[in-house]
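Convention: sequence-line order gives letters A, B, ...; per-chain numbering from 1.
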There are 2 protein chains.
Amino acid sequence: MALDHAILVSLLEKPGSGYELARRFDRSIGYFWTATHQQIYRVLKRMEREGWVTAREVAQRGRPDKRHYAVSEAGRAALSAWLHEPIEPESVRHDLAVKIRGAAFGDRTALLREVERYRQVHAARLAHYLAGEERDFTGPGAPGRQDAMGELQHVVLRGGIAYERMTLAWLDDVLATLHRIS
Amino acid sequence: MALDHAILVSLLEKPGSGYELARRFDRSIGYFWTATHQQIYRVLKRMEREGWVTAREVAQRGRPDKRHYAVSEAGRAALSAWLHEPIEPESVRHDLAVKIRGAAFGDRTALLREVERYRQVHAARLAHYLAGEERDFTGPGAPGRQDAMGELQHVVLRGGIAYERMTLAWLDDVLATLHRIS
DNA sequence: ATCCTCTATGCAACTCGTTTCATAGGCAAG
DNA sequence: CTTGCCTATGAAACGAGTTGCATAGAGGAT
């Protein structure tokens with residue numbers, strides 16, 4: 001149950017409302033942790049009850065009021081404790097791998113189209129990551145070498161980039177294999 | 001909800017009991033789809049009701065009876081239909097990535113130990129995959145070039161190998177980064 | 001003798017995550 | 001002037017997945 005901690009990290013990097021968090025989970029954080037606004041609102045309420053975050057109502061003109069959240073000392077302590085816990089093995093679920101093995105018993109050309117579409121998605125994602133890296137971690141505006149937060153964000157992004165490159169190479173392997181056996 | 005289809009594929013590759021399936025989900029299939037025996041038994045029952053699989057009671061000596069499952073024509077059709085459906089984007093959840101970004105606000109040496117342990121797990125997994133490849137896909141007993149099932153199983157395994165290699169390289173990057181900022 | 005593990009299946013309770021619906025004002029496009 | 005999107009939050013229901021417990025005989029270890 002690391003959603004709690006993902007939210008804590010995001011709020012530590014920058015406090016904000018549930019809505020703002022939900023948007024971050026569609027972008028930067030969402031690269032390695034997905035969550036809907038429903039989940040986020042529910043978890044924020046629970047964490048507020050437990051005293052991990054504090055909320056502040058912010059009235060706005062022309063817009064609905066919002067609840068601005070920040071991490072409390074108890075929240076920091078909870079995150080720190082979690083960092084010491086061993087990582088439980090992540091449960092893997094790759095639809096595409098199931099489909100590939102399933103293609104031995106079904107329509108292989110249908111899979112081929114799917115793989116090509118899938119490849120485009122990952123190519124776009126790689127381009128997106130690279131643009132983000134260019135924007136945030138190179139050039140004059142880049143964080144300094146001693147900026148721990150920036151360095152850690154960057155190494156996670158590099159992980160995403162490596163993953164996408166690996167995936168693209170593998171998908172080419174899959175396409176070549178599908179062509180070979182047909 | 002691809003667990004149904006993962007079970008169908010596994011049963012098409014080789015029919016068997018729920019218990020046998022559960023063991024496969026601890027090995028080959030488990031490389032890209034995890035499932036507990038509870039889930040498997042439940043889904044098998046449901047698929048039997050829906051007519052996707054047929055069951056046959058097998059009495060055994062010195063062991064509990066078992067229910068041997070095989071995929072029906074309706075099950076094959078359901079799998080084929082699923083192969084034509086577009087793959088929905090997989091929801092990503094990387095505890096380690098959350099922890100790495102969380103390390104900006106907590107104990108970095110604790111994370112370092114965790115990453116090293118994590119690295120060992122992935123090194124072992126890579127060795128395991130490579131041993132499986134050596135055993136099943138090289139040498140004289142290897143499936144022929146025209147064996148679609150073997151070729152497709154192999155390309156999925158190559159994906160796992162590529163993933164582990166990429167992960168190991170990235171974890172080295174993470175370790176170097178952690179050392180650099182401390 | 002007793003404990004543990006393996007085979008083999010299943011119920012019940014629970015947690016986590018997704019989907020659908022609801023509210024409500026502002027703003028832009030057609 | 002109506003339709004739809006954006007901000008902002010939330011309830012309710014559902015579905016998927018996990019954990020704990022139960023049963024039960026065979027065989028091996030201590």
Can you give one letter per nucleotide of nucleotides 5-14 of chain D, going 5' to 3': B for a protein heavy atom under 4.0 Å from the base, S for sugar-phosphate only, - for none?
--BBBBBB--
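When the side chain to side chain donor-acceptor pair (under 3.5 Å) test is applied to A:Q60, no partner is found at least two apart in sequence or on another chain.
Taking atom CZ of residue A:R61 and atom P of nucleotide C:dG26, one finds them 13 Å apart after rounding to whole Å. Spacing between atom CD of B:E88 and atom C1' of D:dG15 amounts to 14 Å, rounded to whole angstrom units. Whole-Å rounding puts the B:R93 CZ to D:dG17 C1' distance at 12 Å. Distance, B:L3 CG to D:dG15 P: 16 Å, rounded to whole Å. Between the CD atom of A:Q39 and the C1' atom of C:dT19 there is a distance of 12 Å, rounded to whole Å. To the nearest angstrom, C1' of D:dT19 lies 15 Å from CD1 of B:I40. A straight line from CG of B:D26 to P of C:dT5 spans 16 Å, rounded to a whole angstrom. The interatomic distance linking B:R46 (CZ) with C:dT9 (C1') rounds to 18 Å, in whole Å.
Using cut-offs of 30° and 60° on the angle between ring planes, the pair B:W82 and B:H5 is parallel.
Between the CZ atom in A:R108 and the CZ atom in A:R113 there is a gap of 14.0 Å [rounded to 0.5 Å]. Here the CZ atom belonging to A:F137 is positioned 9.0 Å from the CZ atom belonging to A:R158, to the nearest 0.5 angstrom. Remark: A:S182 OG to A:L111 CG distance equals 11.0 Å, nearest 0.5 Å.
Residues B:Y129 and B:E133 are not in side-chain contact: their nearest non-hydrogen atoms beyond the backbone lie 4.5 Å or more apart.
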